[in-house]
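Accompanying notes for the structure given below.
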There are 2 protein chains.
Amino acid sequence: MHICFMYSKELLKGTLKTIVLKLLSENEKMYGYEITQRVKALSDGKILLTEGALYPTLHKLESEGLLVTETVSIGKRIRKYYSLTNEGVSTAEAKVNEFADFMLTMRTLLSPNLSLS
Amino acid sequence: MHICFMYSKELLKGTLKTIVLKLLSENEKMYGYEITQRVKALSDGKILLTEGALYPTLHKLESEGLLVTETVSIGKRIRKYYSLTNEGVSTAEAKVNEFADFMLTMRTLLSPNLSLS
DNA sequence: AAATATGCATAATATTCTTATGTATTCAAA
DNA sequence: TTTGAATACATAAGAATATTATGCATATTT
């Protein structure tokens, strides 16, 4: 039997772009499905990206000029690789830094009960 | 002149209930405006709760049985104090713990760039 | 006297996500 | 061998959560 502990989804709100940009800043290029699996693995199954959230986000980041795509055929299946533009690289850095600072602030707000590290 | 650094608002999404419950778990009773000012102070002006978000959230938590209210007249002005029910106390604890765990997971995902203490 | 701060509240709108659905290929197990 | 699970993309309807704008009213400071 398998008990899967998922976060109440609301906490995840607003972090998707940051996660995607960060992964791409470490991986040269990734495709959508790969991103969902990587996040699942890195979070021990605690963060499960849904396709309905991921694909629109990727498309939006692309339309904003932060990502570019490269379509590859794997047999008869299509795979769409995403990679960061120069602007994407700096945005990724900024987003991660912002999130880190946000965590510090939240830690102050919630401090007594938090034992991080 | 005053330069105010605010987080991109999206990060705050989903954390409001946790913040409110946590503050109330430390303060016996608080009123809405007081909560906005406390959060502003604790976050060094980085988190500014809007009334349009706070009041509906307070009402919702009340309707869920996590908060109870007590209205007090201050001169001719009304002040509505909120305090936790028993269920509110345990929910507050659970929410804070969940957030702490979420932060640990996010830290793993974004680790290389995070230097938290 | 006017501006700022205190104090509550709601409506219209925007953003971001979930859930549901659709299409199609590949691989492993029964 | 066929059935289910995994791989791989995508979009639409709806829910949840927040912003912005607005409204009302009193108290304090300049």
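Order of the sequence lines fixes the chain letters, A, B, ..., with proteins taken first and strands second; residue numbering starts at 1 for each chain. Everything numeric here is computed off the predicted structure, so don't read it as measured data. Values below: all heavy atoms of this structure, side chains included; hydrogens, waters and symmetry mates excluded.
Distances shorter than 4.0 Å separate some side-chain N or O of A/T50 from OP1 or OP2 on C/dT18. Within the structure, every side-chain polar atom (N or O) of B/H59 is placed at least 4.0 Å from both OP1 and OP2 of C/dC8. Put simply, A/K60 has no side-chain N or O that comes within less than 4.0 Å of OP1 or OP2 on C/dT15. Side-chain nitrogen and oxygen atoms of B/Y55 include none within less than 4.0 Å of the OP1 or OP2 phosphate oxygen of C/dA9. Dashed line: the shortest gap from a side-chain N or O of B/Y31 to OP1 or OP2 of C/dG7 is under 4.0 Å.
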Please tabulate, for side-chain N and O atoms in residues 85-92 of chain B, each donor-acceptor pair with protein atoms closer than 3.5 Å (sequence neighbours left out).
from  : atom 1 : to    : atom 2 : distance (Å)
B/T85 : OG1    : B/G65 : O      : 2.7
B/T85 : OG1    : B/L66 : O      : 3.3
B/T85 : OG1    : B/E87 : N      : 3.4
B/T85 : OG1    : B/G88 : N      : 3.0
B/S90 : OG     : B/E87 : O      : 3.0
B/T91 : OG1    : B/E87 : O      : 2.8

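Mapping A/R79 and A/P56 onto DNA chain D via the closest heavy atom, the residue that lands nearer the 5' end is A/R79. With the nearest nucleotide of DNA chain C identified for both B/A53 and B/Q37, B/Q37 has the one nearer the 5' end.
One atom, CG of B/L61, and another, P of D/dA16, lie 15 Å apart when rounded to the nearest Å. Remark: P of C/dT19 and CG of A/L49 are 13 Å apart, rounded to the nearest angstrom. The nearest whole Å value for the distance from the CG atom in B/L48 to the P atom in C/dA5 is 13 Å. Atom CG in A/L58 sits roughly 12 Å away from atom P in C/dC17 (whole-Å rounding). One interatomic measurement links the two molecules: CG of B/L54 to P of D/dT19, which rounds to 11 Å at whole-angstrom precision.
Partners of B/E70 by salt bridge (Lys or Arg N to Asp or Glu O under 4.0 Å), not counting sequence neighbours, listed by chain and number: B/K29.
For A/T57, counting side-chain heavy atoms from C-beta on, the closest listed nucleotide (C/dC17, D/dT11, D/dA18) is C/dC17. For A/Y82, counting side-chain heavy atoms from C-beta on, the closest listed nucleotide (D/dA10, D/dT17, C/dC17) is D/dA10.
More than 12 heavy atoms of other residues, nucleotides or ligands lie within 6.0 Å of CD1 in A/I74, so this atom counts as buried by the packing criterion.
With hydrogens and angles disregarded, a donor-acceptor distance shorter than 3.5 Å links the side chain of A/N97 to the backbone of A/E93. When atom types are taken as modelled, the side chain of B/Q37 and the backbone of B/E34 share no donor-acceptor pair closer than 3.5 angstrom.
Under the 4.5 Å side-chain criterion, counting only non-hydrogen atoms from C-beta, B/T69 is not in contact with B/L58.
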Short N/O separations, protein against nucleotides 22-25 of chain C, under 3.5 angstrom:
from   : atom 1 : to    : atom 2 : distance (Å)
C/dT25 : O2     : A/R77 : NH1    : 2.7

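One finds the CG atom of A/L84 at 5.0 Å from the CG atom of A/L24 (value rounded to the nearest 0.5 Å).
Contact annotation for A/G32: backbone-only contact, meaning every heavy-atom pair under 4.0 Å involves sugar-phosphate atoms and none involves a base.
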